[in-house]
Amino acid sequence: MIKKVINNPKDVVVETADGLILAYHGDVKKIENSNAIKRTEIRPGKVCLLVGGGSGHEPLFAGFVGENLADGAVSGNVFAAPAPDQILAATKALDQGKGVLYLYGNYAGDNMNFDIAAELAESEGIATKTVRIYDDVASAPLERITDRRGIAGDLFVIKIAGGAAAKLDSLEEVYRVAAKARDLTRSMGVALAPGSIPETGQPTFTIGEGEIEIGMGLHGEAGVSREKMMPADELVSRMTDLILKDLPFKSGDEVCLLINNLGATTMMELLIVNRKVRALLAEKQITVHDTLIGSYCTSQEMAGFSISLLKLDGELKQYYDLPAKSFAFTKG
Amino acid sequence: MIKKVINNPKDVVVETADGLILAYHGDVKKIENSNAIKRTEIRPGKVCLLVGGGSGHEPLFAGFVGENLADGAVSGNVFAAPAPDQILAATKALDQGKGVLYLYGNYAGDNMNFDIAAELAESEGIATKTVRIYDDVASAPLERITDRRGIAGDLFVIKIAGGAAAKLDSLEEVYRVAAKARDLTRSMGVALAPGSIPETGQPTFTIGEGEIEIGMGLHGEAGVSREKMMPADELVSRMTDLILKDLPFKSGDEVCLLINNLGATTMMELLIVNRKVRALLAEKQITVHDTLIGSYCTSQEMAGFSISLLKLDGELKQYYDLPAKSFAFTKG
Amino acid sequence: MTVEKLSLSEFKGAMLAIADGMIASKDLLTQADQAIGDGDHGIGMARGFEAVKAMLSEKNFAQIEEVFFSTGTSLLSSIGGASGAIFGSFFMGAAKGVKGCIELDAPGFKNALAAGLEMVKKRGGANIGDKTMVDALEPAVQAAMAYNGNSLGELSLQVYIAAEAGMQRTKTFTARIGKAKTLGERTLGFADPGSISITLIFKFFSDYLKQMA
Amino acid sequence: MTVEKLSLSEFKGAMLAIADGMIASKDLLTQADQAIGDGDHGIGMARGFEAVKAMLSEKNFAQIEEVFFSTGTSLLSSIGGASGAIFGSFFMGAAKGVKGCIELDAPGFKNALAAGLEMVKKRGGANIGDKTMVDALEPAVQAAMAYNGNSLGELSLQVYIAAEAGMQRTKTFTARIGKAKTLGERTLGFADPGSISITLIFKFFSDYLKQMA
Ligand SMILES: Nc1ncnc2c1ncn2[C@@H]1O[C@H](COP(=O)(O)OP(=O)(O)O)[C@@H](O)[C@H]1O
Ligand SMILES: Nc1ncnc2c1ncn2[C@@H]1O[C@H](COP(=O)(O)OP(=O)(O)O)[C@@H](O)[C@H]1O
Ligand SMILES: [Mg+2]
Ligand SMILES: [Mg+2]
Ligand SMILES: [Mg+2]
Ligand SMILES: [Mg+2]
């Protein structure tokens, strides 16, 4: 039974939302009849960006609602996609007549629930488009890229899509830019120790004393291989290799780099990882435009991290560089 | 033996600094002959702010070097204050003729090493002043406030001192403002599970299955009491009560709130904590000007969190509200 | 003597029995999902059938399809995740098979099952062998179609037995869909959690009819 | 036969033996600090005496005080933390007690000890009973002062024995200084890590002299 600072485990999702809304100091508000939030001020006529998914990955998704980021976020129960009526309520609360882009991780549950919501929205006259994020190189071969899971690369896609939704006027165009960002993002994770679901208090998987799982998914789904613990540099080399050859990233490319904490890994370790990633990228003449290191997309208290790369082009860079402000991500 | 993503445990401090400097993308550089960094551009004639302490608390301290924040940071080994020659090298690299303010947590090791450095700096003609942070209410009674430890409240004092150092012209004045921020800051922590030191791989303390330690220090030093795990709201009430009556904070006060992750605690839990803290403050008619929630001052992968409050006055608020930009703290 | 059909209120009672059974199966289902998924299936199903119970105690029904449909929407809106959509779709689909009925008899139950399966496949796109609840549901529907009698009790037992066999077969499949899919060969030996759920639903239905007889 | 004094090179050898001994005591000291501190004392002392070893093998010395002083600065700059400042100050202070000496005899050692203690107290402000290394060092210095012979070997044994007794006494104190201070009564029964270190330093010195005799 893993200790957690919670009250009734059944209330965690609602209490988390309450705490988050307070932390936003008025920048977001709750959407009625939904475990969802929206920006307090949304420009009329704006194409809106709705992100969402299961809870348990905080600050994803609701921590990324804000200026030049998402307009709203809808959260399901822990590790469970939000239900269609919740998504629909959020969609209706957001729509400014220009439609809503759905952006979420590619999981059976999310896909089905957002699709049902999209059908319901359509029948109510609200246009939606969907970008499913599938950045996790570990989760399926390139030929079946649409079978891959969405992990921390979500953050890059939200950043770019949020910028595009702030600047562009049509849902089609925002969709195009968001899909491009998704297509140019690749990630790879590793887990050292499991997280746990509040309602059970049990770890979501078991792993041996000196073992790690390369490619572990965000809910404790298995990865590509279980191995003996190895030095950071060796581990990072293996992960980075898999990422680089997947897109592939090439000499002369300019990228944004995210080293994401899955939960319990120390910043010290993440910085040691960054050192090696940068050395490997420098070797390949890949330049890094910006680096994000921290807990953006977690799996409760899982120990481990992921590395994500977004390949920039002129258009993506312009959206990436826009200032942004939300609970979990501020860019000056 | 706790698994960590590191190479040789003896190299963690240096490799962490390398990774951090890369993540700063040119905004900071390494100081020669010291495990210290400084801003790449420092306004000539500026009073400089040097922060520092033992490593193992990342992103503290070196993550807070930047615009309107610290001008430099010097890091010791894991849980060990930096040595005087390191501090001296940083002092010399920073000084712009107006002197250097030392700002650090109040621990025997830090006090002695910074004091030795101050004596050496003085003999080289560099003026220094020192503000020791002792925000941890759990660590000594109010009558012996200068025996207290410095914990996450460091962040508030750095924010204010950094603003003051950017705007004010004399070391005395910056000192005065920083000391005021320190005197108006109170914190209280709790630990659920231990962190570990990379070189030993051993937990820094042991704690029973269902037990927590209220008031645990940043290095695993004991707190005020060891108790059975309790619901979040009860725990937060007890901690907040101790903080509020210490200053004391009163009806009508305006505060900044920091809920700091000691390492492995989930954002979900921190938000649930925030919800309760805000309810308690609202009850007492204390208004919250700004909220920070995240991993700012950690103890490796310790599970637990701390609550810090800074009482604002007009002067402090002006410095708090200045924009800031560093690796670990950006404010628009 | 076996039961031939259920009145509206008896069917409501059956749904309540299914709900109680599923709530009581929480830990078993969660453990199944811990082995090859994300460990939340029992939590979700329990939450879903709590909502079904609350709905049943509040609503009055005029037709069998309303019980199916409201059960489906309750599951859909309270579970979330893959199983919310799939089990919600199953019951909402089943409603289409019994349009206008005020009792549930064997032919009606067959139609409901077939319509439920159709909706599940339409929503989730899973086929036999993908290691999902379809591996239990589809053979159950086939067994129903093969049944020529007119006892709802017998039919429901056949359905349960076929689902159970299909569920057991999922142990020999590697997952190709859902959160278990990347586990590949490591899913061998473990039954798919959703296939256990649909089997249990049929079991509790069959038990209810047996106990009525 | 006991040793009366040490030549410069013998004293350097003694310092090397102390360094080796302290490096080998890493785990023991770390465990002592895990009980009531932050668990790094052995790591720091080992790192410090590795630096001392490196320094001793590089430098040439003309006087005893230089060995003391360089040992102190090596510890100060490589350990950091409380023990870097305290043990660094002890050796740097000790250097002042043997100004100009090219050998170390009993009176010289007494002076070095007294000067070292003075520096430690000046730097750290700790007094007897605060549960620090001062609780071992101060009685050791008192024992040295009480010694009237002129054998460095005998003197060093007395110093070690007194330090050991002082160290043992720290088990009965609640910490008032350093990272253990908030533990209060929970520090009872555990010896202060720094007091173990200073005791070991004296032990290794005494052992070295014994083995020379
Ligand atoms: N596309 C699909 N078609 C049919 N059943 C599915 C599909 N995807 C998932 N399932 C079923 O859902 C079950 C998992 O449910 P649950 O654990 O509650 O959801 P999640 O996977 O979102 O955590 C699986 O065991 C499987 O039987
Ligand atoms: N003010 C002081 N005076 C004398 N000795 C001290 C003082 N503060 C700490 N010490 C000694 O330092 C030891 C702790 O050293 P160490 O664990 O290496 O440093 P830190 O406390 O910084 O982790 C204590 O056991 C104590 O003997
Ligand atoms: Mg799930
Ligand atoms: Mg220490
Ligand atoms: Mg699941
Ligand atoms: Mg220590």
Side-chain angles (χ1 to χ4, degrees), chain A residues 1 3-8 12 15-20 22-23 25 55-56 58-59 63 190 192-193 195 198 209-210 212 229 231-233 235-236 261 263-276 278 288 290-291 293-295 298 300-301 303 305 323 325 327-328 330-332, chain B residues 1 3-8 12 15-20 22-23 25 55-56 58-59 63 190 192-193 195 198 209-210 212 229 231-233 235-236 261 263-276 278 288 290-291 293-295 298 300-301 303 305 323 325 327-328 330-332:
Chain A
M1 188 74 192
K3 280 173 268 185
K4 290 205 187 227
V5 184
I6 57 176
N7 296 299
N8 186 332
V12 292
E15 292 186 1
T16 298
D18 289 350
L20 180 69
L22 287 163
H25 283 274
S55 290
E58 290 72 23
V190 63
L192 281 68
E209 265 266 324
I212 59 175
M229 187 64 202
D233 285 358
L235 176 61
V236 170
N261 190 352
T265 293
T266 62
M267 180 56 83
M268 175 174 263
E269 292 161 272
L270 301 177
L271 292 169
I272 291 171
V273 167
N274 184 46
R275 172 181 168 279
K276 183 64 182 177
R278 289 295 295 273
V288 179
D290 193 30
T291 304
I293 305 181
S295 298
T298 63
Q300 294 287 297
E301 68 281 9
F305 66 93
K325 184 165 179 289
F327 169 72
T330 297
K331 190 174 159 68
Chain B
M1 188 73 190
K3 281 173 268 185
K4 290 204 188 230
V5 185
I6 57 176
N7 295 299
N8 187 332
V12 292
E15 292 185 0
T16 298
D18 288 350
L20 180 69
L22 287 164
H25 283 275
S55 291
E58 290 69 24
V190 62
L192 281 68
E209 265 266 325
I212 60 174
M229 188 64 202
D233 285 358
L235 176 61
V236 170
N261 190 352
T265 292
T266 61
M267 179 57 81
M268 176 175 264
E269 292 162 274
L270 302 177
L271 291 170
I272 291 171
V273 167
N274 183 47
R275 173 180 168 279
K276 183 63 181 179
R278 289 296 294 275
V288 179
D290 193 30
T291 305
I293 305 180
S295 297
T298 64
Q300 294 287 298
E301 69 281 9
F305 66 93
K325 184 166 180 289
F327 169 72
T330 297
K331 190 175 159 67

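Note on naming: letters A, B, ... go to the chains in the order of the sequence lines (proteins, then strands), and numbering restarts at 1 for each one.
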message: I want to check something: taking the side chain as every heavy atom from C-beta on, are B/T291 and B/R278 in contact at a cut-off of under 4.5 Å?
response: yes
message: Using a 4.5 angstrom heavy-atom cutoff, name the option from A/N261, A/N8, A/I293, A/T298 with the most pairs to chain B.
response: A/I293
query: Between A/L192, A/T265, A/L270, A/D18, which shows the greatest number of heavy-atom pairs under 4.5 Å with chain B?
result: A/L192
query: What part of B/T16 lies closer than 4.5 angstrom to a heavy atom of chain A: side chain, backbone, both or neither?
result: both
message: Once rounded to the nearest 0.5 Å, what's the spacing between atom CD1 of A/I272 and atom CD1 of B/I6?
response: 6.5 Å
message: Are the side chains of A/P198 and B/E269 in contact, using a 4.5 Å heavy-atom criterion?
response: no
Interface residue of largest heavy-atom contact number with chain B, from A/A23, A/A303, A/G332, A/S55, under 4.5 Å: A/A23
field: Contact winner vs chain A - B/A264, B/G63, B/G56, B/G19, heavy-atom pairs under 4.5 Å
entry: B/G19
field: chain B contacts, top residue of A/M268, A/E58, A/E301 (heavy-atom pairs, under 4.5 Å)
entry: A/M268
- request: Working to the nearest 0.5 Å, report the span between CG of B/N7 and CG of A/D233.
  value: 3.5 Å
field: Interface moiety of B/K325 toward chain A, non-hydrogen atoms closer than 4.5 Å
entry: neither
query: Does some side-chain heavy atom of A/M267 sit less than 4.5 Å from a side-chain heavy atom of B/L20?
result: no
query: So how far is it from B/I212 CD1 to B/L235 CG, rounded to the nearest 0.5 Å?
result: 4.5 Å
Contact origin within B/T330 toward chain A - heavy atom pairs under 4.5 Å: both
query: For B/V236, is it the side chain, the backbone, both, or neither that has a heavy atom closer than 4.5 Å to a heavy atom of chain A?
result: neither
Under 4.5 Å from a heavy atom of chain A, the part of B/V273 involved: side chain
statement: Output for pair (B/D290 CG, B/K331 NZ), nearest 0.5 Å, gives 4.5 Å
message: For the CD atom of B/E209 and the CE atom of B/M229, what is their distance to the nearest 0.5 Å?
response: 12.5 Å
- prompt: What part of B/P323 is in contact with chain A, defined as an atom under 4.5 angstrom from a non-hydrogen atom: side chain, backbone, both or neither?
  reply: neither
